[in-house]
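Take a look at the structure set out below.
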Amino acid sequence: MPERYDPATLEQKWQERWAADNLYRTGPADHRPKYYVLDFYPYPSGEGLSVGHCRNYVPTDVVARFYRMQGYNVLHPMGWDAFGLPTENQAIKTKTNPAVLTRRYAANYKRQMDLIGASYDWSREITSSEPDYYHWTQWIFLRLYDHWYDPRLDQARPISELEAELAEHGTARIGLPLTERPVSAAAWLAFGPLARQEFLKRFRLAYRGEATVNWDPVDKTVIANEEVGPDGKAWRSGALVERKVLKQWFFRITAYADRLDRDLATVDWPARIVTMQRNWIGTSSGAEVIFKTEQGDDLLVFTTRPDTLWGATFMVLAPEHPLVASVTAAAQREAVASYVAQAQAQRALAPAADAPEKEKTGVFTGGYAVNPVNGAQIPIWVADYVLMGYGTGAIMAVPAHDERDFAFALKFGLPIIPVIERPDQAAYSLLRVGTYAATLPALLREAGYSFTESEGQLTVSLTGPQASAYAALVQPHLSADGWTEVVGSGWLAIFPDTTVAFDSVAADQQICDHIRTALQVDALPSFMAYLVAEPAYRDIVFHAEMGTPIHSGPIDGLPGTEAVARTVAFLEERGLGKGRKNYKVRDWLISRQRYWGTPIPIIHTEDGLETLVADAELPITLPGVESYEPTATGESPLAKIEDWVQVALPDGRSGRRETDTMGTFACSSWYFMRFIDPRNPNMLANPEELAYWMPVDMYVGGAEHAVMHLLYARFWTKFLYDLGALPFFEPFQSLRNQGLILAPAKEVDGQIIVEKMSKSKNNIITPDEVVASHGADALRGYECFISDFETAVPWNVDGVPGVRRWLERVWRIVLGAEQERSQGAEASYSERQLQRLTHQTIIRVENDIRNFKFNTMIAALMEFTNGLYRARDAGLAGTPAWAEALKTLMLLAAPVAPHIAEELWARTGHGYSIHQQAWPVADANLAAEEEIEVVLQVNGKVRDKLTVPADADEEQLRTLAMANERVKSFIGERSIRKVIVVSGKLVNVVV
RNA sequence: GCCGAAGUGGCGGAAUGGCAGACGCGGCGGUCUCAAAAACCGUUGGGCUAAUCACCCGUGUGGGUUCGAAUCCCACCUUCGGCACCA
């Protein structure tokens with residue numbers, strides 16, 4: 001009997017040997033093809049790794065080992081995304097330096113990664129909280145600050161080039177949006193330094209703007225969104241969170257929005273991630289539109305839906321809008337003044353975060369503007385739901401297709417005219433009790449309309465195109481004082497004497513007059529106000545979707561996106577507006593009022609100017625201090641450290657350092673480049689090495705990073721590309737997301753409960769405990785085998801022993817085939833069959849690794865092992881096919897089970913190391929089947945199976961099928977309508 | 001609310017237009033053993049049945065496309081992930 005498989009001893013032995021030999025050290029660029037396989041940058045927490053994290057690290061390790069055996073130069077590094085809130089909070093709590101905590105946590109992660117046999121090149125380990133790393137985060141910040149985005153060249157350029165252009169031409173050639181105030185060359189030259197700084201802020205890719213933070217009034221600190229409960233109270237203090245506006249740093253990612261969207265076409269990523277990024281960026285073709293006031297002023301609005309312009313029935317100005325005074329008619333002056341004053345008073349009281357939507361308020365100015373597309377006079381209102389800081393501070397209101405405008409129009413009785421067809425074309429018509437003839441229901445049924453009846457009231461469902469036919473059918477059967485309408489699509493008001501299309505403000509008035517008379521009421525502000533009050537119509541009166549325009553003159557009937565383009569062209573031809581792409585994505589807020597982050601290399605001088613820290617002064621390091629407690633002012637703890645904050649500039653001026661630090665997304669936006677040349681003191685990374693190794697070939701991590709991290713990293717990569725620092729513009733060629741591993745399912749009161757692993761639930765399973773009981777190879781195998789790679793799945797404690805049993809079987813079949821035989825009957829298995837299985841398995845395993853099907857890769861290896869047992873019982877041990885099969889099994893198992901593979905390799909007399917061997921090459925001829933099973937179906941049901949030569953053609957299959965007794969009996973007397981033959985698969989006889 | 005996914009035996013899953021349930025866990029029966037464990041062999045979706053013959057049903061629910069649907073389309077239900085200061 002061979003020695004028992006003892007993972008604890010042999011795993012430790014080989015891990016020490018591999019480390020001593022630097023087996024996984026990656027050299028510089030060479031002649032070989034490269035493969036860069038990277039895990040998402042982990043944040044080392046005090047809790048260490050769970051088996052859930054290993055779902056990421058094991059598969060990438062399998063891939064790295066596989067590509068090494070394929071002859072690639074493989075880069076497989078690991079480092080630590082170490083700045084951030086959890087460590088800082090822990091530091092405050094335990095009064096320990098966060099750098100010390102980080103090193104402790106990272107060392108533990110590294111120990112665990114070694115424990116599971118991960119083949120990282122630790123000589124390239126990086127930590128983003130170390131000065132030699134964040135030096136280059138700061139370096140990139142300085143370049144962002146010093147560049148602007150030129151839309152004409154579609155790339156970043158030095159800000160000095162913008163200054164030169166401004167001095168010569170002003171903004172005339174830059175193509176500013178209409179909303180941006182232009183500046184002439186003379187005006188620019190007349191600007192003082194502060195005015196220039198303010199102006200350039202609008203262009204810089206890193207700039208200081210204003211943003212609202214969550215303010216905890218008890219702890220007197222800025223807190224993260226996740227530290228605010230759903231009730232708007234701070235987790236720690238329980239205080240009601242307030243909002244506070246601070247000056248903060250942003251990166252102008254919006255400048256790159258178009259390229260970030262466009263270049264998604266060049267990457268191999270899961271489709272859902274691409275879609276999520278596209279939705280996040282949210283490109284839409286909007287327009288700036290000029291409305292003329294009665295006084296002849298231009299009233300500029302921005303709209304994301306130019307296709308709805310014909311439905312703009314009023315305008316709304318923010319209370320602070322500069323034109324409020326001039327458009328207000330004398331009669332309304334007092335009302336407007338008092339509303340504006342009230343709105344301003346209210347704004348001073350910062351509303352709580354996510355306050356429930358309050359009732360709309362507003363006041364009519366008495367003034368009108370002209371809708372540029374149809375010349376309609378539309379009233380101008382003032383309301384506080386329009387914000388001066390957003391867009392132009394004025395909107396065109398399209399109440400039929402914008403929810404806020406809809407609510408506002410209903411409240412103030414303004415007309416609402418639908419101008420976009422519902423995509424589903426659904427419509428309802430309500431026939432009220434006593435308004436129609438008794439014969440009508442039968443007629444409707446006969447005509448094919450479906451309707452429901454309730455207490456004599458009929459609700460008919462139809463579609464827009466049926467509206468006029470429906471009107472013609474119903475009208476003669478309405479009682480003299482009755483009426484009905486088609487609502488949702490088709491839009492008609494049907495009276496006994498006339499049918500009115502609901503297509504304009506005039507029609508709205510006409511319909512209202514009719515209904516007023518019939519209902520004998522005095523006031524009915526709009527047809528829509530009447531419809532909304534009718535429960536049957538509640539869900540169909542309003543929609544905000546894209547669709548085909550109606551009641552919109554020249555764009556009627558055009559598909560949505562074309563309608564937008566046509567409208568923009570219409571406006572531009574007549575000088576009434578300008579197309580402008582609009583993005584949902586907002587600029588990236590980078591400031592954190594925290595200690596534990598990368599310092600921002602900016603100095604604020606006494607005269608109010610921002611000064612860059614010189615490259616030679618980098619890195620600006622964090623001061624070592626005792627206390628990381630936040631200040632009471634909202635500034636970061638750094639602000640209290642006077643000897644760090646105060647700086648004297650070489651020119652004699654004095655200044656204060658920026659005390660905000662960068663959020664950690666900055667660190668993780670370029671780390672994949674630092675791994676390529678991690679110790680370079682002179683530059684971010686050597687350009688030749690970058691050119692060889694980038695982009696990352698395979699990037700693997702959780703789908704929770706689908707949007708932000710990936711978008712930010714892509715943004716920085718494109719920026720560095722524009723600078724000429726990189727020869728590529730997409731950082732991650734292929735991306736895969738592993739599914740979450742949940743805690744083992746448990747049964748409570750008959751209910752199966754599955755939860756996330758978490759410390760608070762005390763249900764974390766660590767790799768340490770699994771390795772201790774079953775070994776790293778069994779853990780690795782089960783991580784692969786547990787489920788499809790991308791699927792979330794609960795851990796099953798019985799799964800690891802199953803994989804362990806497989807490893808035991810591999811151990812015994814390789815080392816002790818001759819000694820052991822099954823007691824069962826003599827098996828029949830040929831050498832040729834074994835050979836075929838060997839080569840089929842090579843193909844399967846290889847394809848599965850390439851396609852991230854690690855679960856079926858393990859299944860293939862298990863089937864191979866089962867086949868070897870059958871072959872042994874058939875007496876094949878010792879044959880050439882047997883020797884080839886065993887060698888192949890060890891090589892194919894090496895990526896997933898590196899320790900046992902290395903041990904067996906050594907014990908079977910092969911040279912160290914199996915991980916430096918070439919991957920076996922499959923022979924397609926040896927793998928080919930000679931005979932295949934073909935299914936015979938009658939009417940799609942399997943009735944028999946035939947074994948035929950693999951190369952049997954369609955005609956042979958058809959003949960065999962028609963001659964088959966079972967097929968004949970199922971056909972019986974019926975005649976054959978069709979015979980479908982799929983070579984190599986089946987014959988289906990249709991009767 | 002908005003955006004994005006996923007629903008298949010007792011359990012994890014395989015099959016992505018062509019034999020549903022590969023592989024493993026668990027269960028059942030057996031071999032070995034004084035016995036147990038381990039290991040090995042066999043069996044294991046449901047119904048009907050003397051039967052492991054045959055037949056019928058079966059991939060969240062309802063409809064559709066097709067000679068043929070777990071797979072494609074529509075609607076619904078349920079569950080999960082993200083939503084910009086956790087990373």
Side-chain angles (χ1 to χ4, degrees), chain A residues 40-43 45 81 83-86 89 211 213-214 222-228 248 253 270-273 275-276 278-280 282 584-594 597 663-665 667-668 701-709 711-712 737 739-740 742 745 752 754 756 781-782 785-788 790-803 805-806 808-809 812 820-825 827 853 855-863 866 869 873 933-942 944-945 966 977-980 982 984-991:
Chain A
F40 280 15
Y41 205 29
Y43 184 88
S45 88
D81 188 10
F83 275 136
L85 206 51
N89 287 340
V213 295
N214 300 312
V222 177
I223 58 174
N225 285 346
E226 74 146 19
E227 298 176 305
V228 182
Q248 307 202 58
I253 192 172
R272 65 175 188 280
I273 303 291
T275 308
M276 283 167 86
R278 287 229 157 89
N279 290 340
W280 185 269
K584 220 160 61 192
V585 62
R586 304 199 299 265
D587 279 339
W588 169 11
L589 172 64
I590 194 70
S591 279
R592 301 290 183 270
Q593 291 70 40
R594 288 283 175 170
T664 55
F665 277 126
C667 309
S668 58
E704 66 275 14
H705 290 281
V707 178
M708 283 184 287
H709 158 60
L711 203 64
Y712 296 154
N737 299 121
L740 214 58
L742 307 162
I752 304 290
V754 175
K756 280 191 190 178
Y782 185 58
F785 191 56
I786 186 167
S787 173
D788 179 76
E790 297 193 348
T791 310
V793 61
W795 187 259
N796 179 355
V797 287
D798 294 326
V800 185
V803 176
R805 270 198 281 280
W806 165 61
E808 303 261 12
R809 280 164 65 76
R812 286 199 312 271
E820 277 185 54
R821 284 288 277 277
S822 300
Q823 296 93 344
K853 296 286 179 192
N855 53 340
T856 51
M857 169 192 76
I858 300 290
L861 289 171
M862 286 173 167
E863 285 176 55
N866 293 345
Y869 273 77
D873 292 348
E933 197 170 48
V934 169
V935 172
L936 303 183
Q937 297 181 333
V938 178
N939 282 350
K941 284 190 164 66
V942 179
D944 207 353
K945 295 170 187 178
R966 288 190 43 80
R977 292 219 317 253
K978 202 192 244 185
V979 179
I980 287 138
V982 182
K985 290 243 167 88
L986 58 73
V987 181
N988 185 15
V989 181
V990 185
V991 294

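Numbered from 1 within each chain, the chains take letters A, B, ... in sequence-line order. This structure is a prediction, so every number in the text was calculated from the model and none was measured.
- B:G9 shows a glycosidic angle within 90° of 0 and is accordingly assigned syn.
- Counting non-hydrogen atoms under 4.0 angstrom, A:Val707 reaches nothing in the nucleic acid.
- Contacts of A:Asp798 classified as salt bridge (Lys or Arg N to Asp or Glu O under 4.0 Å), with partners at least two apart in sequence or in another chain: none.
- Nearest nucleotide to the A:Leu986 side chain, out of B:G18, B:A84, B:G12: B:G18.
- A:Asn279 places its CG atom 17 Å from the P atom of B:G1, with the value rounded to the nearest Å.
- Here the P atom of nucleotide B:C25 and the CZ atom of A:Phe785 are 8 Å apart, to the nearest Å.
- The distance from atom CG of A:Asn855 to atom P of B:G21 is 18 Å, rounded to the nearest whole Å.
- Between B:G17 and B:A69, the distance separating the two C1' atoms is 7 Å to the nearest Å.
- Remark: the separation of the P atoms in B:U78 and B:G27 is 35 Å, to the nearest Å.
- Taking 3.5 Å as the limit, the base of B:C19 and the side chain of A:Lys945 contain a donor-acceptor pair of atoms between them.
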| query | So A:Tyr41 and A:His709, ring-ring contact (aromatic ring centres under 6.0 Å, His included) or not? Walk me through it. | reply | CA-CA 10 Å; A:Tyr41 205 29; A:His709 158 60; 8.4 Å; no
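- Among the protein residues, A:Val585 comes within range of the nucleic acid bases, having at least one heavy atom under 4.0 Å from a base atom.
- One atom, CG of A:Leu742, and another, P of B:G81, lie 8 Å apart when rounded to the nearest Å.
- Closest approach to the A:Leu589 side chain among B:C19, B:C85, B:A84 is made by B:C85 (side chain taken as heavy atoms from C-beta onward).
- Using a 30° and 60° split on the angle between ring planes, A:Tyr712 and A:Trp588 fall in the parallel class, below 30°.
- Note on A:Glu808: nothing from the nucleic acid sits closer than 4.0 angstrom, heavy atoms only.
- A straight line from CH2 of A:Trp806 to P of B:C23 spans 15 Å, rounded to a whole angstrom.
- Between A:Asn939 and A:Val990 the shortest heavy-atom distance is OD1-CA, 3.4 Å.
- Heavy atoms of A:Asn939 sit nowhere under 4.0 angstrom from any nucleic acid atom.
- Using a 4.0 Å heavy-atom criterion, one finds that A:Arg592 contacts the bases of the nucleic acid, with or without backbone contacts as well.
- Side-chain atoms of A:Gln593 come within donor-acceptor range of the base of B:C85, with a qualifying N/O pair under 3.5 Å.
- Side chain of A:Arg812, nearest nucleotide from B:A84, B:A39, B:C85: B:A39.
- Nucleotides B:A37 and B:A5 are separated by 45 Å at their C1' atoms, to the nearest Å.
- When each of A:Ala271 and A:Pro42 is assigned the nucleotide of RNA chain B with its nearest heavy atom, A:Ala271 is the one assigned upstream, toward the 5' end.
- Ring geometry for A:Trp795 versus A:Tyr782: interplanar angle over 60°, hence perpendicular rather than tilted (30 to 60°).
- As judged by a 4.0 angstrom heavy-atom cut-off over every strand, A:Arg809 is placed among residues touching the sugar-phosphate backbone only.
- Nucleotides B:U59 and B:G7 have their P atoms positioned 14 Å apart, rounded to a whole Å.
- Here the C1' atom of nucleotide B:C55 and the CZ atom of A:Arg966 are 10 Å apart, to the nearest Å.
- Side chain of A:Arg805, nearest nucleotide from B:G81, B:G12, B:G26: B:G26.
- Distance from the side chain of A:Glu863 is smallest for B:A22 among the nucleotides B:G81, B:A22, B:C19.
- Atom CG of A:Asp798 is separated from atom P of B:C23 by 20 Å (rounded to the nearest Å).
- Following rounding to the nearest Å, A:Leu936 (CG) and B:G68 (C1') show an atom-to-atom distance of 15 Å.
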